[in-house]
Amino acid sequence: MSIELLIEHYGLLAIFLGAAFEGETAAFLGGVISHRELLTYWSASFAATAGSFAADQMWFFAGRYAGQWGFVRRLMERPALARVTRLLENYPTGFILAFRFLIGLRTISPIVIGTTRIPTGKFVVLNAVAALVWGQLFTALGYLFGHGIQKTMGHLPLQHHLLIAVGAAALVAGAALAFRRMKPRAGHS
């Protein structure tokens, strides 16, 4: 079975699961694939949105209803918890809308939110809005990247196109992590 047929048959599921468990790279690759017209842009962006929304709902409910489970307690003991809690207390609505865009806080944030008194309905609505913006943004970036690659390098074989996209996503993720580690932390000079 060719890569094109695999994408046509399982691409939306892969984008959904990738967006749920990995994030931006899956949505970005969904955009590249939609540029290649193996999937429609709207189906790829919806799969990314739905995957992100579903994962964050799962983590929220883990915080809300499974707070005493071992894996939830271990996540809650992470140093990022204090920063997440502080941001959440000061800007609850803004934080819920923005956490999926904050490097290193994406998974722990909905768990922390679930442990608070924020109503479930409020989280569901804000999570849906944020997931929609996130899914559209990263899928669109992938689509535009795919267009740019085609303009600069011509119509490459699909596997080369995807390899370049994965490489670009890895470079951006690596740069973002390096930048995050270089930022001085509060209380350190």
Side-chain angles (χ1 to χ4, degrees), residues 1-60 80 94-110 113 123-183:
M1 187 178 263
S2 72
I3 191 167
E4 289 86 356
L5 284 175
L6 282 171
I7 290 170
E8 288 175 12
H9 286 99
Y10 305 108
L12 292 177
L13 178 61
I15 294 168
F16 174 87
L17 293 173
F21 295 105
E22 186 283 323
E24 293 79 8
T25 303
F28 183 81
L29 289 175
V32 172
I33 290 167
S34 69
H35 175 265
R36 293 296 295 247
E37 298 181 353
L38 296 170
L39 300 170
T40 66
Y41 171 82
W42 295 110
S43 64
S45 65
F46 179 75
T49 296
S52 179
F53 174 82
D56 292 332
Q57 285 303 135
M58 177 190 74
W59 289 122
F60 172 83
F95 184 78
I96 293 170
L97 290 171
F99 74 80
R100 76 188 68 241
F101 297 96
L102 303 173
I103 296 169
L105 300 179
R106 182 168 179 204
T107 301
I108 197 166
S109 294
I113 296 165
F123 181 77
V124 169
V125 170
L126 293 174
N127 186 35
V129 169
L132 184 61
V133 170
W134 179 90
Q136 295 303 308
L137 173 66
F138 284 98
T139 305
L141 289 173
Y143 187 93
L144 293 171
F145 182 83
H147 181 72
I149 290 298
Q150 187 170 342
K151 283 287 194 189
T152 58
M153 298 182 176
H155 190 75
L156 298 172
L158 178 61
Q159 58 272 26
H160 295 156
H161 205 149
L162 293 176
L163 189 59
I164 291 169
V166 168
L171 284 173
V172 169
L177 286 173
F179 176 75
R180 181 171 178 245
R181 289 189 176 135
M182 289 179 5
K183 286 177 26 180

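Just so you know, these numbers use all the heavy atoms, side chains as well, and skip hydrogens, waters and symmetry mates.
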Less than 4.5 Å apart, side chain to side chain, heavy atoms only: is that true for [X] and [Y]?
{"X": "Phe60", "Y": "Val124", "result": "no"}
{"X": "Phe53", "Y": "Trp134", "result": "no"}
{"X": "Phe16", "Y": "Leu12", "result": "no"}
{"X": "Thr139", "Y": "Ile15", "result": "no"}

Who are the side-chain hydrogen bond (donor to acceptor under 3.5 Å, both in side chains) partners of [X], not counting sequence neighbours?
{"X": "Gln136", "value": "Tyr41, Ser45"}
{"X": "Thr49", "value": "none"}
{"X": "Tyr143", "value": "none"}

Ignoring hydrogens, what is the shortest heavy-atom contact between [X] and [Y]? Give both atom names and the distance.
{"X": "His147", "Y": "His35", "result": "CA-NE2, 3.3 Å"}
{"X": "Ala48", "Y": "Gly135", "result": "CB-CA, 4.4 Å"}
{"X": "Glu24", "Y": "Arg100", "result": "OE2-O, 3.6 Å"}
{"X": "Leu126", "Y": "Leu97", "result": "O-CD2, 3.6 Å"}
{"X": "Ala26", "Y": "Ala19", "result": "CB-N, 3.4 Å"}

Practice item. Give a yes or no on this: more than 12 heavy atoms of other residues, nucleotides or ligands lie within 6.0 Å of atom CZ of Phe21. Key: no
Review point. Take atom CZ in Phe123; do more than 12 heavy atoms of anything else shown fall under 6.0 Å from it?
Key: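 Correct, the count exceeds 12.
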Exercise for review: If the plane angle is over 60° it's perpendicular, under 30° parallel, otherwise tilted; pick one for Phe138 and Phe101.
Suggested key: parallel
Check your understanding: Going through the distances and angles, do Val32 and Phe28 end up as a side-chain contact (heavy atoms from CB on, under 4.5 Å)?
Key -> CA-CA 7 Å; Val32 172; Phe28 183 81; 4.3 Å; yes
